[in-house]
Amino acid sequence: AARGPPVSGMMPATGGRLLPPTWLVLEAFFFAAVLEADPVSSQPRSFVAAATDEATGRGNATSARRTQFVEERPSYACPRRGVIENFPLSALPYGWKATYVAHYLTPTMAADMMPLSGECMLWGAGEGTNMRVEVLNIAAFGDREKIINADEIVENDVTWYIRRGQAGGFSRSGSMVLNPGDNGLFDVAGRLSWLLNGFGGYRAGTVKDLEDSQTWWKYVATGPAAVFCQRSDCPYGQILKTEGAPSYCIGQQCTTEECCQPARRCSDDICPVGSGTIIKLPQDLPEFCENAFCLEAECCQATPRCAASDCPLGYFLKPSGILPPAGQPLTGCLSYECTRQECCNPSPYCSQDVCPIGMRVSSLDPIPFCSSYDCTVADCCAPAGECNNTQCSPGYAMGVNAPRFCERPTCEESECCVMLPPALTARGLYFTDEDFRDGWIGGTIVWSPDGPTIPRVANYTIHLVYTQYTVWLANVSL
């Protein structure tokens with residue numbers, strides 16, 4: 001168990017009263033001699049005076065203002081957070097120095113735990129030889145000024161305490177059982193406790209009752225706030241390390257080697273097939289990615305989508321929402337431009353049966369293609385032409401048997417018109433066969449004038465005039 005105040009047998013009696021041991025006198029003398037520069041008044045105050053002011057409630061206004069200032073300002077960023085196990089002293093950063101190193105056997109004074117300078121401080125304990133220690137089995141960093149100005153404070157994820165006459169130390173769990181050293185039973189590996197009742201160290205993590213040890217060491221150090229890796233430490237083309245970065249930098253400044261690694265570049269695997277994206281064109285790509293991993297927003301662009309303009313004559317746009325190959329690609333085309341194979345299906349040809357009465361296929365050369373699997377009137381048909389006299393050239397007239405609608409949207413003359421009779425006269429008629437009883441007459445007509453138009457004459461009525469008779473010959477076949 002932790003040792004309490006010395007018993008009377010340890011001090012010689014003189015005149016019926018107990019004399020304090022020499023080490024108590026020395027401690028009192030040391031407290032009176034150690035001065036603390038007050039940052040507000042610039043007047044030195046002893047730790048004993050500060051402790052007395054606190055105990056009696058007679059602390060001056062300067063002390064109150066100073067305490068309030070320390071409590072309100074942000075804590076310094078010390079090298080590590082929380083309780084640390086197996087910390088090598090060689091890992092202390094630049095500017096740090098030990099202010100107190102002693103065996104656990106050596107009595108501990110409050111002043112030993114309260115260095116007078118430095119933004120951060122360290123308390124730790126380690127097992128070594130009787131001459132030196134190189135690794136602290138347990139340690140913690142914290143804001144020096146805040147810790148030494150409080151009986152108990154949570155700082156840097158650690159609960160620190162200095163209880164004069166009992167013990168000083170820290171606890172990771174936040175609870176202490178001082179008797180007079182810390183005998184807490186929870187999270188024992190996160191506890192350090194040194195006696196302040198005239199004895200030395202007491203506890204280092206799981207190991208207790210060390211006040212007589214000459215191989216366990218108490219270690220107090222102080223130094224500046226830590227320097228941490230920042231993005232600005234990395235030159236162009238490098239980024240902060242994702243693995244292996246130090247918790248803090250050892251030197252006055254962080255180095256590229258400590259903090260940085262080569263930046264990544266965009267690659268096709270950032271934009272996988274089927275994601276609806278494709279790697280950007282070279283001129284649009286960044287030279288390096290901003291972070292540890294390249295992002296789609298940096299490296300990828302949306303894949304193009306099928307459009308009707310991708311389909312040439314004879315093809316129509318594939319429907320969307322249907323799996324390829326019958327439908328369009330669900331996540332866009334595979335390259336920077338869509339292809340006919342991705343987007344288009346062959347079109348069927350139009351036929352006349354699509355067109356209703358009064359309409360005809362709009363073209364026969366070439367025959368139009370349909371815009372989808374099912375041909376529509378809009379794809380294929382145009383209003384059919386209608387016969388009228390305006391379509392007949394001179395010498396022709398609309399025939400009595402001309403159709404109403406032509407075969408094409410534009411009528412041909414041959415569909416609607418017949419030739420008018422030529423201006424001919426018969427200058428000779430030679431009968432070779434006469435049978436007036438049956439109404440037949442046969443013979444040869446000689447036309448005037450002669451010419452190439454004669455063979456085109458057919459089915460005309462001929463008016464023959466004789467001296468005494470008028471004869472009508474109808475439906476003459478020539």
Check: [X]/[Y] side-chain N/O donor and acceptor closer than 3.5 Å:
X: T256; Y: Q238; answer: no
X: S117; Y: R144; answer: no
X: Y236; Y: E287; answer: yes

Pick from [options]: which one makes a side-chain contact (heavy atoms from CB on, under 4.5 Å) with [X]?
X: K280; options: D284, T277, I278; value: D284
X: S193; options: K208, M176, R203; value: R203
X: F170; options: I147, V83, I153, T159; value: V83

Please check if the number of heavy atoms outside [X] that lie under 6.0 Å from its [atom1] is greater than 12.
X: L281; atom1: CG; result: yes
X: E243; atom1: CD; result: no
X: E337; atom1: CD; result: no
X: N86; atom1: CG; result: yes
X: E386; atom1: CD; result: yes
X: E413; atom1: CD; result: yes

Any side-chain heavy atom of [X] within less than 4.5 Å of one from [Y]?
X: M121; Y: I148; answer: yes
X: C406; Y: C416; answer: yes
X: K146; Y: W160; answer: no
X: R408; Y: V361; answer: yes
X: W194; Y: Y104; answer: yes
X: S347; Y: S371; answer: no
X: I239; Y: R231; answer: yes
X: N156; Y: R81; answer: yes

For [X] and [Y], which heavy atoms make the closest approach, and how far apart are they?
X: V377; Y: P356; answer: CG2-CD, 4.0 Å
X: D310; Y: C344; answer: O-SG, 3.5 Å
X: G190; Y: I138; answer: C-CD1, 3.9 Å
X: F316; Y: P346; answer: CE2-O, 3.2 Å
X: A225; Y: Y76; answer: CB-CB, 4.2 Å
X: A226; Y: Y248; answer: CB-CB, 4.1 Å

Quiz item: Given C411 and C387, is the disulfide (SG to SG under 2.5 Å) satisfied, shown in steps?
Solution: CA-CA 7 Å; C411 292; C387 288; 4.5 Å; no
Self-check item: Stepwise salt bridge (charged side-chain N to carboxylate O under 4.0 Å, His left out) test for K241 and E258
Solution: CA-CA 8 Å; K241 286 182 177 178; E258 285 180 295; over 6 Å; no
When rounded to the nearest 0.5 angstrom, what is the spacing between [atom1] in [X] and [atom2] in [Y]?
X: N345; Y: Y373; atom1: CG; atom2: OH; answer: 3.5 Å
X: T410; Y: R360; atom1: OG1; atom2: CZ; answer: 12.5 Å
X: W217; Y: N137; atom1: CH2; atom2: CG; answer: 14.0 Å
X: D233; Y: C254; atom1: CG; atom2: SG; answer: 5.0 Å
X: I357; Y: R404; atom1: CD1; atom2: CZ; answer: 9.5 Å
X: L334; Y: T339; atom1: CG; atom2: OG1; answer: 7.5 Å

Is there a donor-acceptor pair under 3.5 Å between the side chain of [X] and the backbone N or O of [Y]?
X: W123; Y: M113; value: yes
X: R340; Y: P312; value: no
X: N291; Y: F293; value: no
X: D112; Y: Y100; value: no
X: N388; Y: T390; value: yes
X: T222; Y: C120; value: yes
X: R80; Y: A140; value: no
X: Q328; Y: R305; value: no

Quiz item: Step by step, would you call C370 with C350 a disulfide (SG to SG under 2.5 Å)?
Solution: CA-CA 6 Å; C370 302; C350 289; 3.8 Å; no
Exercise. Go through the steps to decide whether L122 and V220 satisfy the test side-chain contact (heavy atoms from CB on, under 4.5 Å), and finish with yes or no.
Key: CA-CA 6 Å; L122 171 146; V220 178; over 6 Å; no
Self-check item: Derivation of the disulfide (SG to SG under 2.5 Å) call for C306 and C333
Solution: CA-CA 7 Å; C306 291; C333 302; 3.9 Å; no
Quiz item: Can you check side-chain contact (heavy atoms from CB on, under 4.5 Å) on K318 and E342, steps first, answer last?
Solution: CA-CA 8 Å; K318 291 180 179 180; E342 289 177 298; 5.8 Å; no
Exercise. Evaluate the pair C343, C311 and indicate whether the two SG atoms are within a distance below 2.5 Å.
Key: no
Quiz item: How about C260 and C234, are their SG atoms within less than 2.5 Å of each other?
Solution: yes
Quiz item: I279 and C271: side-chain contact (heavy atoms from CB on, under 4.5 Å), yes or no, with the steps?
Solution: CA-CA 6 Å; I279 193 165; C271 319; 4.2 Å; yes
Quiz item: Going through the distances and angles, do C289 and C266 end up as a disulfide (SG to SG under 2.5 Å)?
Solution: CA-CA 7 Å; C289 298; C266 291; 3.8 Å; no
Quiz item: Could you go step by step and tell me if S351 and C375 meet the side-chain contact (heavy atoms from CB on, under 4.5 Å) rule?
Solution: CA-CA 9 Å; S351 61; C375 295; over 6 Å; no
Exercise. Determine, step by step, whether R191 and S173 satisfy the side-chain hydrogen bond (donor to acceptor under 3.5 Å, both in side chains) criterion, reporting the C-alpha distance in whole Å, the side-chain angles of both residues, the deciding distance to 0.1 Å, and the verdict.
Key: CA-CA 8 Å; R191 298 175 184 271; S173 70; 3.1 Å; yes
Quiz prompt | F141 ring center near F87 ring center (under 6.0 Å) | solution = yes
Quiz item: Below 6.0 angstrom between ring centroids: does that apply to Y349 and F369?
Solution: yes
